[in-house]
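Treat the numbers as computed from the prediction; the structure is a model and nothing was measured. All values below were derived from every heavy atom in this structure, side-chain atoms included, with hydrogens, water molecules and symmetry-related copies excluded. Protein chains get the first letters and strands the later ones, always in sequence-line order, with residue 1 at the start of each.
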There are 2 protein chains.
Amino acid sequence: MEREEVNIQFSKSTDYALHALIHLAHSEHRHNIGIKELSATLGVSESYLSKVMSKLRRDGIVRAVPGVNGGYELARPAEQITFLEVIQVIEGRQQLFECSTLNSQQHRLLAEEGAAERDRDCQGKSECLVKKVMDGAEEHLYQYLREHTIQSVLDEAFQR
Amino acid sequence: MEREEVNIQFSKSTDYALHALIHLAHSEHRHNIGIKELSATLGVSESYLSKVMSKLRRDGIVRAVPGVNGGYELARPAEQITFLEVIQVIEGRQQLFECSTLNSQQHRLLAEEGAAERDRDCQGKSECLVKKVMDGAEEHLYQYLREHTIQSVLDEAFQR
DNA sequence: TTATTATGGACATCAAAGGTCCATAATAAA
DNA sequence: TTTATTATGGACCTTTGATGTCCATAATAA
Ligand code: SF4
Ligand code: SF4
């Protein structure tokens, strides 16, 4: 009877950002695509999309020029813009897993076991295996996202 | 000046669930670990942790018995409980990426390009490359999480 | 100078995470 | 058969973040 709606997924903003970048890449012969055209292409409101674009500009993914015939264009070639980069700009850069029980008995128990390991990796961080598994998962995910760029999507889409 | 705090990370509940399961696995010679002991071990309130445990029970990860000397125990051997399973029980099973612009011009443009592909994979779903990259990322992540179990953490922690 | 376009701040809304409290059900021990 | 104990689930609360709008301002090319 309950409507459980827990969430571990990327935000709509990330979706919008990726789609906008693809449109810019696809129209790179032209210059300065305005927010009007972008929002029409994606079917998203100008106000909201402009927030997303501003973020992309602040992080050097796109360039923006105001005024007549202004708009956006990629700041770098599309093959240098990875999925990971876009996601991190929009979603932030916190870790996929952050310890919430660092002051617990259990943390002490599990982290102390790493004593042998702390000889080589002596950073005093004392992370346990749970954290290591989760960090490994994150790195796996990131590595995959690093290998895919905006250009790679276009390449596969428009080869015929 | 802004405090951007966007979030793509696992919830505290997932953290609690993993830690609780590790405690149960570590104490499997005993039976029926009560919520009192669990919450003391993790340093988390009984009320909240009991919600998490109930979820784990409803999905067959742990067994629970009320009454004097009651408590929780693993419903299956620890080597059969994967990280992925625990995460999905707590976080739900939606996809990491869901299309938010399915009615856009761009979707039509990108999805139509898959015409050649629809001959073999004729499901009418017409997903584009963006979605495929993201789904690939998800599958990558999941595969990794499937390969790690509660037992594997204990093994590495208590080998000396 | 002017029309146009992006920017950023201020709000508004809504859903979900995180958490508490309590009444009830279930159970084992006495 | 009590009784003490423990888990369960519903109701409720608070805070946060995602999503979104609106407007005043800055910047720029024509
Ligand atoms: S280091 Fe391990 S035991 Fe300690 S809080 Fe993090 S996940 Fe939990
Ligand atoms: S299928 Fe591709 S283009 Fe269509 S909404 Fe999904 S990600 Fe966007």
Hey, is the side chain of A/Arg58 poking within less than 4.0 Å of OP1 or OP2 on C/dT7, counting only N and O atoms? no
For D/dA30, the Watson-Crick or wobble partner whose two distances fall under 3.5 Å: C/dT1
Do the side-chain N or O atoms of B/Ser11 get closer than 4.0 angstrom to the phosphate oxygens (OP1, OP2) of C/dA16? no
Which of these nucleotides, D/dT21, C/dG19, D/dA30, is closest to any side-chain atom of A/Ser47? D/dT21
Would you indicate, yes or no, if D/dT8 has its OP1 or OP2 atom less than 4.0 angstrom from a side-chain nitrogen or oxygen of B/Ser50? no
Determine which nucleotide pairs with C/dA29, using a 3.5 Å limit on both distances of a Watson-Crick or G-U wobble pair. D/dT2
Should A/Leu24 and A/Met53 count as side-chain neighbours, where that means a heavy-atom distance under 4.5 Å? yes
From CG of A/Asn69 across to C1' of D/dA27 the rounded distance in Å is 15 Å
Both B/Gly70 and A/Thr14 contact DNA chain D. Which one's nearest nucleotide lies toward the 5' end? B/Gly70
When rounded to whole Å, the CZ to P distance for the pair A/Phe10 and D/dT19 reads 13 Å
Taking the minimum atom-to-atom distance to the side chain of A/Val68, which one of D/dA18, C/dT27, C/dA3 wins? C/dA3
Rounded to the Å, how far apart are B/Lys55 NZ and D/dT8 C1'? 14 Å
How long is the span from the OH atom in A/Tyr48 to the OG atom in A/Ser39, to the nearest 0.5 Å? 14.5 Å
Nearest atoms (heavy-atom pairs only) where B/Ala75 meets B/Arg63: O-NH1, 3.6 Å
Residue matched to D/dT15 through Watson-Crick or wobble contacts both under 3.5 angstrom: C/dA16
From CZ of A/Arg63 across to C1' of C/dT5 the rounded distance in Å is 17 Å
Have a look at A/Gly67 and say if it touches a base, only the backbone sugar-phosphate, or nothing, with a 4.0 Å heavy-atom cut-off. base
Is the centre of the A/Tyr144 ring less than 6.0 Å from the centre of the A/His140 ring? no
Within residues 17-45 of chain B: residues closer than 4.0 Å to DNA chain C (heavy atoms): B/Ser45
Does B/Tyr48 place a side-chain N or O at less than 4.0 Å from the phosphate oxygens OP1/OP2 of D/dT14? no
Using 4.0 Å as the upper bound for N to carboxylate O, is an ion pair formed by A/Lys131 and A/Glu138? no
Pair B/Asp15, B/His19: side-chain N/O donor-acceptor within cut-off below 3.5 Å: yes
Let me know the distance between OH of A/Tyr72 and C1' of D/dT28, rounded to the nearest Å. 14 Å
Is there a donor-acceptor pair under 3.5 Å between the side chain of A/Ser27 and the backbone N or O of A/His23? yes
Between A/Glu73 (CD) and D/dT28 (P), how many Å, whole number? 14 Å
A/Leu49 CG - D/dG20 P separation (whole Å): 11 Å
Given D/dT8, C/dC21, D/dT21, which nucleotide is nearest the side-chain atoms of B/Lys51? C/dC21
Any ion pair linking A/Glu139 and A/Arg146 (charged N to carboxylate O, less than 4.0 Å)? yes
A/Lys12 NZ - C/dT13 P separation (whole Å): 18 Å
Short side-chain N/O contact from B/Arg57 to OP1 or OP2 of D/dT6, under 4.0 Å: no
